[in-house]
Amino acid sequence: GQQVMQIPQYQHVQEGEDFTTYCNSSTTLSNIQWYKQRPGGHPVFLIQLVKSGEVKKQKRLTFQFGEAKKNSSLHITATQTTDVGTYFCAGRLVFGNEKLTFGTGTRLTIIP
Amino acid sequence: EAQVTQNPRYLITVTGKKLTVTCSQNMNHEYMSWYRQDPGLGLRQIYYSMNVEVTDKGDVPEGYKVSRKEKRNFPLILESPSPNQTSLYFCASRREREVVYEQYFGPGTRLTVT
């Protein structure tokens, strides 16, 4: 079954509000990636986190990797209409195994 | 332009009629993979290939076949499609020995099996 879970499944926010999606794995991850998929589009790579406790920023987006390397989060500050889409985390569950397991995704909609 | 291409983009077929979805990348990537995307289930890996003639099962390989005879191509074969294979399919590729395992996705193939 699915070993990487994401919450929430859906999130509606007013433009300008913040947004956070959480990713949780039942097992330790060697690294985690985040992707964004616009409506009708394909997933596009955003970032990869590798180290325990790592925090990376891309403009209004902040990515965190948990200390135990079992969870991660993506936080968007002051959302804009261009942020609309589904955000996926993807983790490598077993170190050295090439399989990448995707989370179920969080669909973000923005209310103008 | 660096890209992953898939064909066809849309396909409606009937149960049992063999079909092939092609995938090609022009980035000389060693690693290629197929995913299916279904509502509420995210992206699930079907098969992946780490190089020519090297393929392995992902999480949901039943009912699918793949081959990797050339580095750039990784076709997905449905020998006898069934309605539960109705889905959105994505091909992806990346370099194998990279610090950042960024995957590049194709535009997707929406398959309907009636």
Side-chain angles (χ1 to χ4, degrees), chain A residues 1-10 21-27 29-51 54 56 58 63 65 72 74 85-107, chain B residues 2-7 9-10 21 23 25 27 29-51 54-61 66 68 74 87-110:
Chain A
Q2 196 79 30
Q3 293 175 279
V4 178
M5 301 301 297
Q6 260 183 276
I7 55 170
Q9 190 172 356
Y10 302 95
T21 173
Y22 300 91
C23 183
N24 295 289
S25 171
S26 55
T27 58
L29 303 170
S30 60
N31 62 58
I32 194 158
Q33 300 178 350
W34 285 91
Y35 290 79
K36 176 184 178 180
Q37 183 178 20
R38 293 183 186 277
H42 58 274
V44 174
F45 176 86
L46 293 176
I47 207 160
Q48 176 174 294
L49 304 172
V50 179
K51 300 177 184 176
E54 189 170 12
K56 288 188 176 180
Q58 289 180 349
F63 304 84
F65 201 8
S72 182
L74 158 60
T86 301
Y87 293 85
F88 291 98
C89 62
R92 186 161 278 104
L93 294 178
V94 176
F95 186 76
N97 185 307
E98 296 301 323
K99 281 171 54 175
L100 198 63
T101 298
F102 277 77
T104 46
T106 296
R107 181 183 294 180
Chain B
Q3 61 182 352
V4 179
T5 56
Q6 293 178 230
N7 282 292
R9 295 288 313 279
Y10 302 90
V21 183
C23 173
Q25 50 93 6
M27 295 169 279
H29 286 168
E30 295 84 5
Y31 181 95
M32 297 185 75
S33 181
W34 276 103
Y35 296 88
R36 61 177 289 173
Q37 184 174 25
D38 303 288
L41 296 177
L43 288 150
R44 293 179 294 167
Q45 192 175 47
I46 303 171
Y47 269 96
Y48 64 95
S49 169
M50 293 175 64
N51 215 322
V54 180
T55 63
D56 207 348
K57 296 177 181 179
D59 295 315
V60 288
V66 292
R68 188 90 182 275
F74 190 44
S87 187
L88 178 58
Y89 292 87
F90 287 102
C91 180
S93 74
R94 65 163 172 81
R95 291 211 179 281
E96 182 174 334
R97 302 253 179 252
E98 288 286 335
V99 174
V100 178
Y101 291 88
E102 176 177 355
Q103 284 199 104
Y104 295 81
F105 282 81
T109 296
R110 187 166 293 281

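The sequence lines fix the lettering, A, B, ..., with proteins before strands; numbering per chain opens at 1.
- With contacts defined as side-chain heavy-atom distances shorter than 4.5 Å, the pair A/Thr101/B/Asp59 qualifies.
- For the 3.5 Å distance criterion, the side chains of B/Glu102 and A/Gln33 fail to qualify, holding no donor opposite an acceptor.
- Of the atoms belonging to B/Tyr104, not a single heavy atom falls under 4.5 Å from chain A.
- The number of heavy-atom neighbours closer than 6.0 Å to CZ of A/Phe45, taken from other residues, nucleotides and ligands shown, is above 12.
- Here A/His42 contributes atom NE2 and B/Leu88 contributes atom CG; the two are 11.5 Å apart, rounded to the nearest 0.5 Å.
- In this structure, CG on A/Leu100 lies 4.5 Å from OH on B/Tyr35, to the nearest 0.5 angstrom.
- Of all non-hydrogen atoms in B/Gly40 and A/Thr104, the two that sit nearest each other are O-CG2, 3.7 Å.
- Heavy atoms closer than 4.5 Å to chain B are found nowhere in A/Gln6, neither backbone nor side chain.
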List the steps, then state whether ring pair (Phe, Tyr, Trp, His ring centres under 6.0 Å) holds for A/Tyr35 with B/Phe105.
CA-CA 10 Å; A/Tyr35 290 79; B/Phe105 282 81; 5.6 Å; yes

